[in-house]
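Letters go in sequence order (proteins before strands), and every chain restarts at 1. Hydrogens, waters and symmetry mates are skipped; everything else that's a heavy atom, side chains included, is used.
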Amino acid sequence: MRIATWNVNSIGARLPRLRAWLESAAPDVLCVQELKCADDAFPREQLAELGYESASYGLGRWNGVAVLSRIGIEDVTRGLVDEPRYEEATEPRAIGATCGGVRVWSVYVPNGREPEHPHYQYKLRWLEALRATVAAETAATDKPFAVLGDFNIAPTDTDVWDISLFADSTHVTEAERKALAVLRDAGLTDVLPRPLKYDHPYTYWDYRALAFPKNRGMRIDLVYADATFGAAVGDAYVDREERKGKGSSDHAPVVVDLEL
DNA sequence: ATGCCGAGTTCGACTCGA
């Protein structure tokens with residue numbers, strides 16, 4: 001079984017490349033983030049033509065997550081346990097679904113903007129709600145389980161191209177990394193993908209300043225898997241080819257092959 | 001060549017991203 005995650009940075013703008021990638025990479029399940037579209041505008045039929053069912057959670061121009069599957073979608077859950085709101089608004093950032101006997105969550109963790117910004121505290125509260133959701137779900141089922149998506153956290157200093165440039169920046173702070181450690185304490189492990197080129201499995205490169213050609217990237221799209229899911233992992237890689245060329249997302253897909 | 005930011009909103013300057 002092949003499961004992937006990809007922040008597409010607008011499913012509308014990315015639809016031609018998304019469809020081509022689904023045909024070439026042929027994942028059984030794809031967790032998608034940053035739809036930037038409401039559910040009534042979700043391109044359900046265009047994905048169904050390729051054999052994928054969709055469960056989406058989008059409210060408009062920002063955020064939005066989905067699970068695509070060609071092996072069935074059941075028990076869809078939108079939002080987290082005791083999920084915080086930002087400026088009194090609910091943001092669509094998490095959707096869970098069971099596909100082919102595997103429980104997956106597609107998540108788009110808040111960015112945080114700056115450590116002193118209210119959005120950063122929102123990010124930490126949101127990560128606590130994710131922990132609570134993981135604890136509740138893994139206690140209730142023995143299905144292989146994983147949270148996949150854009151965590152907006154670089155787990156270690158080597159997960160950014162130059163840590164010296166990240167002083168006082170979000171994505172690398174102690175508190176954010178502690179939130180990942182808490183998820184690991186809850187029984188999840190970081191499935192480290194292999195890079196297809198260079199030394200580090202970056203998943204994101206800014207559109208600006210030649211970041212991709214210079215390989216100034218970050219590993220922020222993560223797969224956090226429970227023991228059952230983790231034990232089944234045969235291969236994992238970042239499909240950096242998909243970051244190339246015109247009309248790409250600024251994130252590359254992370255692909256995980258399970259021996260299930 | 002991997003190439004100098006892109007998307008949505010609502011028609012063009014703004015917000016957001018990390």
Does anything in residues 29-79 of chain A form a ring-ring contact (aromatic ring centres under 6.0 Å, His included)? List the pairs, not counting sequence neighbours.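 Sorted pair list comes back empty.
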Same-atom distance ([atom1]) from [N] to [M], integer angstrom:
N: B/dA1; M: B/dA13; atom1: P; value: 34 Å
N: B/dC4; M: B/dC16; atom1: P; value: 26 Å
N: B/dA18; M: B/dC5; atom1: C1'; value: 13 Å
N: B/dG6; M: B/dT10; atom1: P; value: 22 Å

With A/Lys178 via salt bridge (charged side-chain N to carboxylate O under 4.0 Å, His left out) - residues at least two apart: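 Partners of A/Lys178 under the salt bridge (charged side-chain N to carboxylate O under 4.0 Å, His left out) test: none.
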Output all residues satisfying salt bridge (charged side-chain N to carboxylate O under 4.0 Å, His left out) with A/Arg17, sequence neighbours left out; order by chain, then residue number.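 Salt bridge (charged side-chain N to carboxylate O under 4.0 Å, His left out) list for A/Arg17, sorted by chain: A/Glu242.
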Any idea how A/Phe212 and A/Trp205 line up, ring-wise: parallel (<30°), tilted (30 to 60°), or perpendicular (>60°)?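 Perpendicular, since the angle between the ring planes exceeds 60°.
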Residue mapping more 5' on DNA chain B - nearest nucleotide basis, A/Tyr198 or A/Gly247: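 Nearest-nucleotide comparison on DNA chain B picks A/Tyr198.
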Per-pair distances, 0.1 Å, donor-acceptor, side chain in residues 75-82 of chain A, under 3.5 Å, sequence neighbours excluded:
{"unit_1": "A/Thr77", "atom_1": "OG1", "unit_2": "A/Arg103", "atom_2": "NH2", "d": "3.0"}
{"unit_1": "A/Arg78", "atom_1": "NE", "unit_2": "A/Ser56", "atom_2": "O", "d": "2.9"}
{"unit_1": "A/Arg78", "atom_1": "NH2", "unit_2": "A/Ser56", "atom_2": "O", "d": "3.1"}

Regarding A/Lys197, tell me which of base, sugar-phosphate or nothing describes its non-hydrogen contacts under 4.0 Å with the strands shown.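 Base, at least one base heavy atom under 4.0 Å.
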When we call it a touch if two heavy atoms are under 4.0 Å apart, what does A/Arg14 touch: a base, just sugar-phosphate, or nothing?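 It contacts sugar-phosphate atoms only.
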A side-chain contact here means heavy atoms from C-beta on lying under 4.5 Å apart; do A/Leu47 and A/Leu15 qualify?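 Result yes, sub-4.5 Å side-chain heavy-atom pair found.
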Separation of [N] [atom2] from [X] [atom1] (nearest whole Å):
X: A/Gln33; N: B/dA7; atom1: CD; atom2: C1'; value: 17 Å
X: A/Lys244; N: B/dG6; atom1: NZ; atom2: P; value: 18 Å
X: A/Arg243; N: B/dC5; atom1: CZ; atom2: P; value: 11 Å
X: A/Lys246; N: B/dC5; atom1: NZ; atom2: P; value: 12 Å

Just need the stems in DNA chain B: three or more back-to-back Watson-Crick or G-U pairs, each with both distances under 3.5 angstrom, sorted by first number.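 Stems for DNA chain B, defined as runs of 3 or more consecutive pairs: B:5-9 with B:13-17.
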If a pair satisfies salt bridge (Lys or Arg N to Asp or Glu O under 4.0 Å) and one of its residues is in residues 53-74 of chain A, list it, with sequence neighbours excluded.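 Residue pairs with at least one partner in residues 53-74 of chain A: A/Asp28-A/Arg70.
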Return the set of residues passing side chain to side chain donor-acceptor pair (under 3.5 Å) with A/Arg19 (not counting sequence neighbours), or none when no residue passes.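 Side chain to side chain donor-acceptor pair (under 3.5 Å) check on A/Arg19 returns A/Glu49.
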Listed partners of A/Tyr202 passing side chain to side chain donor-acceptor pair (under 3.5 Å), at least two apart: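 Scan of A/Tyr202 (side chain to side chain donor-acceptor pair (under 3.5 Å), adjacent residues dropped) gives none.
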Can you build the contact string for nucleotides 8-18 of chain B? Use B for base contact, S for sugar-phosphate-only contact, and - for no protein heavy atom under 4.0 Å. BS-----BSBB
